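Quick notes on the structure that follows.
Source: prediction; values computed, not measured. Only heavy atoms go into these numbers, but all of them, side chains included; no hydrogens, no water, no symmetry mates.
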Amino acid sequence: MNSRNLTAEVECTVEFYDVDPMDVVWHGNYVKYFEKARCVLLNRIGYGYREMKASGYVFPVTDISLKFIKPLRFGDRVRIKAILDEYENRIRIKYELSRPETGEITTKGISTQMAYHIATQDSCFVCPRFFTDKVETLLAQLEPEGSP
């Protein structure tokens with residue numbers, strides 16, 4: 001694990017089809033919000049789902065957790081932030097959903113993905129080197145000059 005983290009954010013509006021009869025986001029839709037930010041983060045790295053598959057690997061989600069703090073309702077704006085927390089042995093991403101107007105956190109979560117080699121149908125307990133190289137290259141570009 002690295003102490004430096006890559007992040008990506010996306011904003012959206014809570015749509016009618018995302019809410020339950022109580023006018024709050026149905027709990028299962030938070031995973032969809034996580035996915036929006038995860039895609040932006042992986043694309044920033046240059047390893048979105050198309051690049052993954054072309055590289056011979058896929059990364060299925062093996063674990064996901066959510067912590068609901070405050071409800072989101074129909075019409076609310078939401079900022080979804082994805083933070084790459086681990087990338088060497090697995091992809092572990094932390095999420096924060098917040099109200100853009102106030103910065104108030106409404107939801108937190110974590111997802112874990114594991115590399116799976118398509119051709120051999122083997123689970124991998126380390127991420128492919130070309131993926132970790134992409135992350136390290138991007139992290140190096142973000143380092144301020146003169147940093148250790």
Side-chain angles (χ1 to χ4, degrees), residues 1-139 142:
M1 182 164 60
N2 200 304
S3 61
R4 304 168 293 167
N5 297 112
L6 294 175
T7 64
E9 294 182 1
V10 63
E11 286 189 21
C12 64
T13 300
V14 173
E15 299 292 343
F16 176 75
Y17 50 77
D18 284 344
V19 299
D20 63 18
M22 294 178 286
D23 200 34
V24 299
V25 173
W26 176 69
H27 67 277
N29 283 324
Y30 285 89
V31 174
K32 179 176 69 175
Y33 295 157
F34 288 3
E35 181 70 17
K36 286 178 185 269
R38 180 170 49 242
C39 287
V40 172
L41 178 63
L42 292 172
N43 287 336
R44 179 175 184 208
I45 294 167
Y47 200 65
Y49 289 119
R50 290 183 196 272
E51 290 85 5
M52 277 182 193
K53 192 171 179 183
S55 75
Y57 291 86
V58 291
F59 284 75
V61 172
T62 58
D63 188 50
I64 196 158
S65 66
L66 296 93
K67 178 169 179 69
F68 302 105
I69 300 166
K70 297 228 175 182
L72 289 169
R73 298 181 183 281
F74 173 62
D76 285 351
R77 289 290 298 162
V78 61
R79 177 179 297 130
I80 311 150
K81 182 177 183 179
I83 305 139
L84 183 64
D85 188 49
E86 294 180 34
Y87 60 90
E88 293 155 333
N89 298 317
R90 60 188 180 171
I91 297 175
R92 185 170 185 251
I93 301 173
K94 293 181 178 179
Y95 304 90
E96 292 178 355
L97 279 64
S98 63
R99 299 181 193 287
E101 310 83 27
T102 64
E104 176 186 37
I105 303 288
T106 64
T107 314
K108 291 184 177 186
I110 298 173
S111 69
T112 303
Q113 294 171 257
M114 179 180 193
Y116 178 83
H117 192 263
I118 297 168
T120 63
Q121 298 184 355
D122 288 327
S123 296
C124 305
F125 297 98
V126 295
C127 288
R129 187 72 198 162
F130 49 83
F131 169 70
T132 58
D133 286 349
K134 285 178 177 285
V135 173
E136 290 292 335
T137 298
L138 189 52
L139 286 169
L142 300 175

Checking L66 against Y33 for the side chain to side chain contact (heavy atoms under 4.5 Å, CB included) test, could you report, in this order, the C-alpha distance in whole Å, the side-chain angles of both residues, the deciding distance, and whether it holds? CA-CA 11 Å; L66 296 93; Y33 295 157; over 6 Å; no
Can you list the steps and then say if R92 with T112 is a side chain to side chain contact (heavy atoms under 4.5 Å, CB included)? CA-CA 4 Å; R92 185 170 185 251; T112 303; 4.1 Å; yes
Distance, nearest 0.5 Å, that separates CD of E96 from CZ of R79: 11.0 Å
Can you tell me how far apart CZ (R129) and CD (E136) are? Round to the nearest 0.5 Å. 7.0 Å
By side chain to side chain donor-acceptor pair (under 3.5 Å), which residues pair with S111, not counting sequence neighbours? R38, Y95
So, for P60 and Y116, which heavy atoms are closest and what is the spacing to 0.1 Å? CD-CB, 4.1 Å
Ignoring hydrogens, what is the shortest heavy-atom contact between I93 and L41? Give both atom names and the distance. CD1-CD2, 3.9 Å
Residues I45, L84; criterion side chain to side chain contact (heavy atoms under 4.5 Å, CB included); working and verdict: CA-CA 10 Å; I45 294 167; L84 183 64; 4.0 Å; yes
Got a sec, which residues hit ring pair (Phe, Tyr, Trp, His ring centres under 6.0 Å) with Y49, two or more places apart in sequence or on another chain? none
Does some side-chain heavy atom of L142 sit less than 4.5 Å from a side-chain heavy atom of L6? yes
Identify the heavy atoms of Q113 and R90 that sit nearest to each other, and give their distance. O-CB, 3.4 Å
Work out which heavy atom in I80 is nearest to a heavy atom in K36; give both atom names and the distance. CD1-CD, 4.3 Å
Assess the residue pair T7 and R44 against the criterion (side chain to side chain contact (heavy atoms under 4.5 Å, CB included)); give the C-alpha distance rounded to whole Å, side-chain angles, the decisive distance to 0.1 Å, and a yes or no. CA-CA 9 Å; T7 64; R44 179 175 184 208; 4.3 Å; yes
Nearest-0.5 Å distance, CG of residue L72 to OH of residue Y30: 4.0 Å
If you measure from CG on L97 to CD on E9, what distance do you get to the nearest 0.5 Å? 10.5 Å
From SG (C124) to NE2 (H117), nearest 0.5 Å: 7.0 Å
Heavy-atom check, side chain of V25 versus side chain of P71, under 4.5 Å: no
Give the minimum heavy-atom separation between F34 and I110, together with the two atoms involved. CE2-N, 4.4 Å
Scanning both residues in full, the closest heavy-atom pair of G75 with T13 reads O-CG2, 3.7 Å
Which pairs pass salt bridge (charged side-chain N to carboxylate O under 4.0 Å, His left out) with one or both residues in residues 17-29, sequence neighbours excluded? D18-K32
To the nearest 0.5 Å, what is the distance between CG (L42) and CZ (F131)? 6.5 Å
Any sub-3.5 Å donor-acceptor pair from N89's side-chain atoms to V126's backbone N or O? no
Any donor and acceptor pair, going by atom type alone, linking the side chain of S98 with main-chain N or O of G103 inside 3.5 Å? no
Show every salt bridge (charged side-chain N to carboxylate O under 4.0 Å, His left out) that has at least one partner inside residues 116-128, sequence neighbours left out. none
What residue pairs, at least two apart or across chains, pass salt bridge (charged side-chain N to carboxylate O under 4.0 Å, His left out) with a residue in residues 101-115? K70-E104, R99-E104
Among residues two or more places apart or on two chains, list those pairs meeting side-chain hydrogen bond (donor to acceptor under 3.5 Å, both in side chains) that have a residue in residues 51-62. Y47-S55
